[in-house]
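Letters go in sequence order (proteins before strands), and every chain restarts at 1.
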Amino acid sequence: MSRYEPAVIEAKWQQAWAEAQIFAARHDPARPKYYVLEMFPYPSGRIHMGHVRNYTMGDVVARYKAAQGFSVLHPMGWDAFGMPAENAAMATGVHPKDYTYGNIAEMKAQMAPLGLSIDWSREFATCDPEYYGQQQSMFIDMLNKGLVYRKAAVVNWDPVDMTVLANEQVIDGKGWRSNAPVERRELTQWFFKISDYSGELLAALDGLTQWPEKVRIMQANWIGKSRGIEVTFPLTAPVAGLTALVCYSTRPDTLRAASFIAISPDHSIAKELAATDPELAAFCEECRRIGTSEELLEKAEKLGRDTGLTVSHPIYPDRKLPVWIGNFVLMDYGTGAVFGCPGHDQRDLDFARKYRLPVSKAFDLPGGTPELADVALVPPKTEPVVYIDHFAGITAATSAEGIDATIDWMDAHGLGKGQTRYRLRDWGISRQRYWGCPIPVIHCDTCGVVPEKKENLPVELPYDVTFDIPGNPLDRHPTWRDCTCPVCGAAARRETDTMDTFMDSSWYFARFTAPHAKTPTDLAEAAYWMNVDQYIGGVEHAILHLLYSRFFARAMHATGHLPAKAIEPFNALFTQGMVTHEIYKTTDDNGRAVFHLPEDIRKLAIDGNVVTVLKSRLTDIGIDPETLEIPEDALDAITLLAEMQVEVVPSAKMSKSKKNVVDPMNIIGSFGADTARWFVLSDSPPERDVEWTASGAEATNKHLTRVWTLCTRIGDMPADHKGEGDDALTRATARAVHEVTQGIEGFAFNKAIAKLYEFTNILSKSNASTRAMQAAMQTLAQLMSPMTPHIAESIWASVGGVGLCAQAPWPKADPALLVDDTIILPIQINGKRRAEISVPADLAAAEVEKIALANEDVQKFLAGATVKKLIVVPGRIVNVVI
RNA sequence: GCCCGCGUGGUGAAAUGGUAGACACAGGGGACUUAAAAUCCCCAGGCCGCAGGGCCGUGCCGGUUCAAGUCCGGCCGCGGGCACCA
């Protein structure tokens, strides 16, 4: 061994692994399998630190499990459809296909030097016709199975660009390119019946014990199970063909205090009234401009208009309630009408105060009767309340009990049917875009909407399309749209909508088990490899991607594409934190934020303060940003610097638009892949965000160099060196094996690495025999190999390891070496640490008590006081209470 | 607005309810060197004290407990998701 030269050894060992083909997943029924998967990337063209972190974590697991003797599947692919390719096409004229495959080639080339143990023979991109053709085939199966249907749904419509906009493309209610106010437009679209599975998807969360609790809670809330009842309010006079308004409510126990009805601006009554009332029509139109996202609707100021209509209260028919149109009522949820109860709902109270609607209460708190002002009375449902003149005779109960009792009573008295509902809505998959999987259906004037014949799959995207004008190029393609009806053979039109890219990512994990099968999956392969044993990805996917995948696995099972055991496809989930970085922000003349690249920024110290400015501004006032040489005549300019401050926002999510993306290739180039891998694992616990810092990589590199030097030194030791401390080193080695193993098992890579630092420090200070030192070094190489596989191989080879370190069985710690004979017990007096004693590890508690009380320091603090209580926690602590 | 999470030294962090700050970065001191870099050794939560040592300390307020960073309640701040970003 000579110097530590990562570039040399990394290339060498990567080649050795490739030649031995040790990462090819083998279907070996004799061995247990382990499927580790990282969420596959969108091919943006550049890998970023988040990718490095994600794939390194997966690689640690994959290499560790392989060393444990599992047959490991660790694949990689590309989530390749989506808007960015079309945006690039519009911006630069490059074709989405060329753009995407070009990016894939670039990213793959950037991933190669990381030395990941990936089985590249299974690689695919979702935009490969071979992949999306199988997706189309499954779509048809699911359509035939009744899992897919069409219905009208609203989209954001840009009236200038004449195109549908994603929520992301709507900025302050305006189209991102046209800047025109966005409209809401109804289109007939395809939907998956995910809501049919609401109950099952919710119930099955309990079985996902290896998922983070928070993800299960988020999914449960998203599915949103509620028990409620539909309450019918008869209209005083019929309108729009309706004689009553039906409102779904989860709080019928507050029905007594209902004071108004609010209906959606899209409700049929609202539409009917708007037809003859221009002012009301304008209001409804205004409501629709808010947008389609739940966030915007919830945040918008609550506005309403009195329709002049009234309904009578179902329990107290003499009471007439006004019917309002409210911008907060969604047509998609429930019935598009709700009853307002200002006494016990904050939003309703705000609304009632604003429009001077009556406010009353249905219950009080047991202790008293607070006057309602601007805060609604909404106690936790588990706490007791005292009902006021409850129509079902309920007096005091928790509101949870009150709700149930009210529903039961109303059910029994024919006032409605108690029901369980879910918030989860069906999954709309139609996208009016080119770069996605074509929906394989045909519109025929006589036969209606019919699926394409399977033998005609894949329905391939045409290459000859243009992006010079906005909108879906498939719509205006001269010939692609034209086809013949697969049923009657008459001239017909292809569906020009493509599928939501969430479809592509909802089954790729299954495809990896047989990536080139002529059917969507190969059941024998799926039966062996599924489920994914460890799935790793960003927490931003906690709800949508993971929920859709759970649903899709069930839909695939229902259509015979997955075995029953795979309906929950991810056994264990780990959600990693993001890699963040500072952002540099200034504001333009219009008040909009402008972001700057790190290389355009200069930080300089002036009078002890760090000033962050744009290099270009320095140049403007005559200061060279590189040398910081200040010409005489520019001295006054320094005083201007404070006003030029760039706003520095720490820990911001890395994104292209914020210009704070760090390129991992630079670190790999200067320090090597092992340094990059070690750093992203060492600096923060995996589930937490980690802020990228340049100094971290340097420090890591120093450490690896130290390990290398240490290994060289041990290699140079005379073979017969006796030394001393072999026993201590053996114990330290066993402890390192134990703790590093625990760290990896527990997804605490940062802790595993801390233990490796500790062990390395012990090893470098040890003066044990050559034999013991070499054995310890060999174990160190193995323990490091999941994180830093290249340097581990070199060390392994130099201290006599047989074969490849990557194929060596994981070391085991002798439990006998892990326990110490004597331990140090701290002694607390009234909870404060005052002394410590050294005792045999297995000493009986009674003996520990004696020694503790006899201790000189303890006696000093006791000062003759009586001991009220003495707590001995074996092996941990003694607490004396006086 | 709603749902979820996070908050510990100058920094990243560690701590089955049981010695808060392991491990590392930045920093300080020293060795080596003509010098610097590199390397090695030592110090290091804050305050008081020459020292032995003492007091305070895990975003804030309160509670449970012999014992709370950890559990409970209420706040504050930051981050993620909100169904067409992936």
Side-chain angles (χ1 to χ4, degrees), chain A residues 39-42 44 79 81-84 153 155-156 164-170 189 194 212-222 224 292-300 302 328 332 346-347 423-433 500-502 504-505 538-545 547-548 575 577-578 580 650-653 655 682-685 687-691 693 695-696 698-700 702-703 705-706 709 748 750-751 753-758 761 764 824-836 868-871 873 875-882:
Chain A
M39 291 180 185
F40 67 164
Y42 175 79
S44 61
D79 189 14
F81 277 132
M83 288 203 307
V155 293
N156 301 306
V164 176
L165 297 177
N167 283 338
E168 190 190 54
Q169 298 172 312
V170 180
Q189 308 194 56
I194 187 172
E213 180 76 20
K214 64 169 176 175
V215 174
R216 289 189 284 159
I217 292 170
M218 279 193 271
Q219 291 220 353
N221 290 337
W222 186 262
T292 57
S293 85
E294 190 177 310
E295 182 190 359
L296 290 172
L297 291 167
E298 286 285 330
K299 272 188 179 165
K302 306 297 179 280
F328 52 88
D332 295 353
Q346 191 59 46
R347 184 191 64 195
R423 201 183 73 104
L424 182 64
R425 306 204 292 260
D426 276 336
W427 174 17
I429 58 144
S430 295
R431 298 291 180 272
Q432 295 69 40
R433 277 189 262 280
D500 177 9
T501 53
F502 273 123
D504 312 336
S505 55
V539 70
E540 67 272 20
H541 296 292
I543 297 176
L544 291 179
H545 162 60
L547 191 60
Y548 289 147
T575 55
M578 294 179 306
T580 63
S651 303
K653 181 179 181 177
S655 78
S682 67
D683 224 35
S684 269
E687 68 278 10
R688 213 183 288 184
D689 288 356
V690 56
E691 171 126 34
T693 62
S695 57
E698 246 174 277
T700 298
K702 278 185 193 172
H703 173 70
T705 307
R706 266 195 297 273
T709 311
N750 57 324
K751 283 190 259 172
I753 284 177
K755 296 302 170 192
L756 286 170
Y757 272 112
E758 236 170 52
N761 289 341
S764 67
I824 289 169
L825 272 188
I827 299 169
Q828 292 185 333
I829 292 165
N830 285 344
K832 278 182 189 289
R833 183 186 172 282
R834 295 298 186 190
E836 62 182 38
K868 286 186 194 152
K869 205 169 177 182
L870 189 60
I871 294 134
V873 184
R876 305 292 322 196
I877 203 164
V878 179
N879 194 10
V880 186
V881 185
I882 54 175

Next item on the list: Produce a footprint string for nucleotides 39-46 of chain B: one letter per nucleotide, 5' end first; B if the base is under 4.0 Å from any protein heavy atom, S if only the sugar-phosphate is, - if neither.
Entry: SSS-----
Item checked: Base-paired stems that RNA chain B participates in, counting runs of 3 or more Watson-Crick or G-U pairs under 3.5 Å -> B:1-7 with B:76-82, B:10-12 with B:23-25, B:27-31 with B:39-43, B:45-48 with B:53-56, B:59-63 with B:71-75
Note to self: When the P atoms of B:C72 and B:C82 are compared, how many Å lie between them, rounded to an integer?
What the structure shows: 28 Å
Checklist line | P-based separation of B:C60 from B:G77 [nearest Å] | finding: 15 Å
Note to self: Mind checking if A:G224 touches a base, just sugar-phosphate, or nothing, with heavy atoms under 4.0 Å?
What the structure shows: nothing
Notebook entry, point to check: Between A:R834 and A:K869, which is nearer to the 5' end of RNA chain B once each is assigned its nearest nucleotide?
Noted result: A:R834
Check: When you match A:W222 and A:K755 each to their closest nucleotide on RNA chain B, which lands nearer the 5' end?
Finding: A:K755
Checklist line | Donor-acceptor pair present, A:E698 side chain and B:C25 base, under 3.5 Å | finding: no
Check: Is a donor-acceptor contact shorter than 3.5 angstrom present between the side chain of A:Q346 and the base of B:C2?
Finding: no
Item checked: Residues A:E294 and A:R423 bridged, charged N to O under 4.0 Å -> yes
Margin query: Please determine whether a side-chain nitrogen of the Lys or Arg among A:K702 and A:E698 lies less than 4.0 Å from a carboxylate oxygen of the Asp or Glu.
Written below: no
Next item on the list: Could you label the plane-to-plane angle of the A:H703 and A:Y757 rings as parallel, tilted or perpendicular, counting under 30° as parallel and over 60° as perpendicular?
Entry: tilted
Notebook entry, point to check: According to a strict under-4.0 Å criterion, is A:R347 in side-chain N/O contact with OP1 or OP2 of B:G1?
Noted result: no
Margin query: Using the side-chain heavy atoms of A:A166, tell me which of these nucleotides is nearest: B:C85, B:A86, B:C3.
Written below: B:C85
Atom pairs, N/O to N/O, protein against nucleotides 17-21 of chain B, distance under 3.5 Å?
from	atom 1	to	atom 2	distance (Å)
B:G18	N2	A:N879	ND2	3.4
B:U19	O2	A:R833	NE	2.8

